[in-house]
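First up is the structure itself, then whatever we jot down about it.
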Amino acid sequence: MKKVHVVFHDGGGGHRNAAVALQTVIIQQHRDWQVELIQFQDLTDRLDILRKLTGIRIQQQYNILLQNGWTLGSTQLLRVLQTTIRIFHRPLVNLLVKFWREKPADLLISVIPHFNRQMCESWTKVYPGRPFVTLITDLADFPPRFWIEPIREQYVIAGTEKAAEQARALGHDEAHIFRTSGMILRPDFYAEETSDPAALRQEMGLREDLQTAIVLFGGHGSKVMYDIAEKLDAAGLPLQLILICGRNEELAGKLRARQWKLPKHIIGFTKDVHKLMRAADFLIGKPGPGSIAEAMVRKLPVLIECNAWTLPQERYNAEWVKEKGVGIVLKSFKEVAEGVKRMLEPDTLAEFQKNVAAQENRAIFEIPEILAKLLVETESAEGRAAQATVEAPAR
């Protein structure tokens, strides 16, 4: 049985989702692999300087920024983080080397940015020739030193041509770049749904005949959801909302405490986003790669914003939405009522729906095939090396 490590962290929800999705589909496919998910923060806690200063893990601080919308200047904060990582490069590598020696595997997969140089260097030092794979969970890289490193040993799985081009620009050859048809998502997003959207709306206490927007800002929610609800409630549009607050219980409580004119269904953290999307006509949310990819698979146009507060690694996502014609990009959610009014125009919505239907993302099923190929190639190379060692004295 082959052993596979998948490294993730909980800065945002997308990295854990990607790791769990990969583990789930491998189990469903009955592959002869043992997949272990490794929380990167658990490995590196003693080097977390911000935790030493504040008592809060760096991934928790990131999630607090997202929940409160404190993302202006995030590019500068990102560069400070990257500088700190470079300063602690050698201690990080040494720490990881020790861990890999204690936890051997045939393949290492990273679904996180920032630390791929350290992971690749430590892994190849302990297991030279065994593949290290970076599975990009963004639509594109945000160079330098984000997802893709100019390291020959790094394999890159890219969900867009933009990301593949970025890997080539950093010197990776085609043998080290694998292009998938989109972002990795949980297999349940591909489950065939036969339920009637009107019936689902009725179950949620919504009107069966009214256009429905699902409002989603990741697993930790965002206070901007309340502002969006207020603006749409005041606009008097023929609309109803499904508001998914994630783990942001304060936001959910605040939304439930108010009387609204628009029909609304308010929910906290749920693993049934794919089912709830069945009841919606379009999505309102942040330009996160996961939310956009989920909407595309569930055939929903998107209404997102992009401005100075948008995380730098997510700004390309807005370009992708406009390029593919799958939704509306606002400069600010202050204009959300105008954006929704445009979305509700029958011809506009029909055009977006047609373009969304043209998107065919099967990455979750393509990625295990890529990994299988790498494992077979590695096994063959190690077999040839072992055979050469055995035959060497006879020569």
- prompt: Of the non-hydrogen atoms in Lys2 and Asp106, which two are nearest, and what is the gap between them?
  reply: CA-OD2, 3.4 Å
message: Would you compute the distance between atom NE2 of His9 and atom CD1 of Ile38 and round it to the nearest 0.5 angstrom?
response: 14.0 Å
task: Provide the full list of side chain to side chain donor-acceptor pair (under 3.5 Å) pairs with a residue in residues 111-120, sequence neighbours left out, each pair given once.
output: His89-Gln118, Ser110-Asn116, Asn116-Thr134, Arg117-Glu149
- prompt: Looking just at side-chain N and O atoms, do Glu305 and Thr310 make a donor-acceptor pair shorter than 3.5 Å?
  reply: no
Enumerate, atom names and distances included, each donor-acceptor pair closer than 3.5 Å involving a side-chain atom of residues 20-37, sequence neighbours excluded.
from  : atom 1 : to     : atom 2 : distance (Å)
Gln23 : NE2    : Val35  : O      : 3.2
Thr24 : OG1    : Val20  : O      : 2.7
Gln29 : OE1    : Arg31  : NE     : 2.7
Gln29 : OE1    : Arg31  : NH2    : 3.2
Arg31 : NH2    : Glu369 : OE2    : 2.5
Glu36 : OE1    : Lys103 : NZ     : 3.2
Glu36 : OE2    : Lys103 : NZ     : 2.8

Closest non-hydrogen atom pair between Met225 and Gly221, with its separation: SD-CA, 4.3 Å
- prompt: Hey, what's the ring geometry for His5 with Phe99, parallel, tilted or perpendicular (30° and 60° as the breaks)?
  reply: tilted
Partners passing side chain to side chain donor-acceptor pair (under 3.5 Å) against Gln211 (at least two apart in sequence or in another chain): none
message: With a 3.5 Å distance limit and no angle check, can you tell me whether Asp141 reaches the backbone of Ala163 through a side-chain donor-acceptor pair?
response: no
field: ring pair (Phe, Tyr, Trp, His ring centres under 6.0 Å) against Phe40, all qualifying residues, sequence neighbours excluded
entry: Phe115
- prompt: Judged by modelled atom types alone, do Gln39 and Asp10 share a side-chain donor-acceptor pair under 3.5 Å?
  reply: yes
query: Do the rings of Phe146 and Phe142 sit parallel, tilted or perpendicular, given the 30° and 60° boundaries?
result: perpendicular
query: Quick one: does His220's side chain get under 4.5 Å of Cys245's, heavy atoms only?
result: no
task: Identify, with sequence neighbours excluded, every residue that meets side chain to side chain donor-acceptor pair (under 3.5 Å) alongside Arg186.
output: Asp188
- prompt: Does anything in residues 163-179 pair up under salt bridge (charged side-chain N to carboxylate O under 4.0 Å, His left out), and if so which pairs, sequence neighbours excluded?
  reply: Glu161-Arg168, Glu161-Arg179, Arg168-Glu174
query: If you look only at pairs with a residue in residues 339-355, which of them pass as a side chain to side chain donor-acceptor pair (under 3.5 Å), with sequence neighbours excluded?
result: Glu345-Thr348
message: Between Val7 and Val111, is there a side-chain heavy-atom distance shorter than 4.5 Å?
response: no
Results of side chain to side chain donor-acceptor pair (under 3.5 Å) for Glu230 - residues two or more places apart only: Arg258
Cut-off 3.5 Å, no hydrogens considered: what does the side-chain donor-acceptor table look like for residues 321-334, sequence neighbours left out?
from   : atom 1 : to     : atom 2 : distance (Å)
Ser332 : OG     : Lys334 : N      : 3.0

task: Would you list the pairs meeting ring pair (Phe, Tyr, Trp, His ring centres under 6.0 Å) in which at least one residue belongs to residues 230-251, sequence neighbours left out?
output: none
- request: Not counting sequence neighbours, which residues clear side chain to side chain donor-acceptor pair (under 3.5 Å) with Arg362? List them please.
  value: none
query: Hey, does the side chain of Arg278 reach the backbone of Leu200 with a donor-acceptor pair shorter than 3.5 angstrom?
result: no
- request: Answer with yes or no whether the hydrophobic clustering places Ile267 together with Ile214; edges join I, L, V, M, F, W, Y residues whose side-chain heavy atoms lie under 4.5 Å apart.
  value: yes
task: For the pair Asp138 (side chain) and Ala140 (backbone), establish whether a donor and an acceptor sit closer than 3.5 Å, ignoring hydrogens and angles.
output: no
query: Parallel, tilted or perpendicular for Trp100 and Trp123, by the 30°/60° rule?
result: perpendicular
- request: Just grab all the ring pair (Phe, Tyr, Trp, His ring centres under 6.0 Å) pairs involving residues 250-275, residues at least two apart or on different chains.
  value: Phe189-His274, Tyr226-Trp260
task: Dump the intermediate steps for side chain to side chain contact (heavy atoms under 4.5 Å, CB included) on Glu294 and Leu216, then the final yes or no.
output: CA-CA 11 Å; Glu294 289 168 1; Leu216 178 62; 3.9 Å; yes
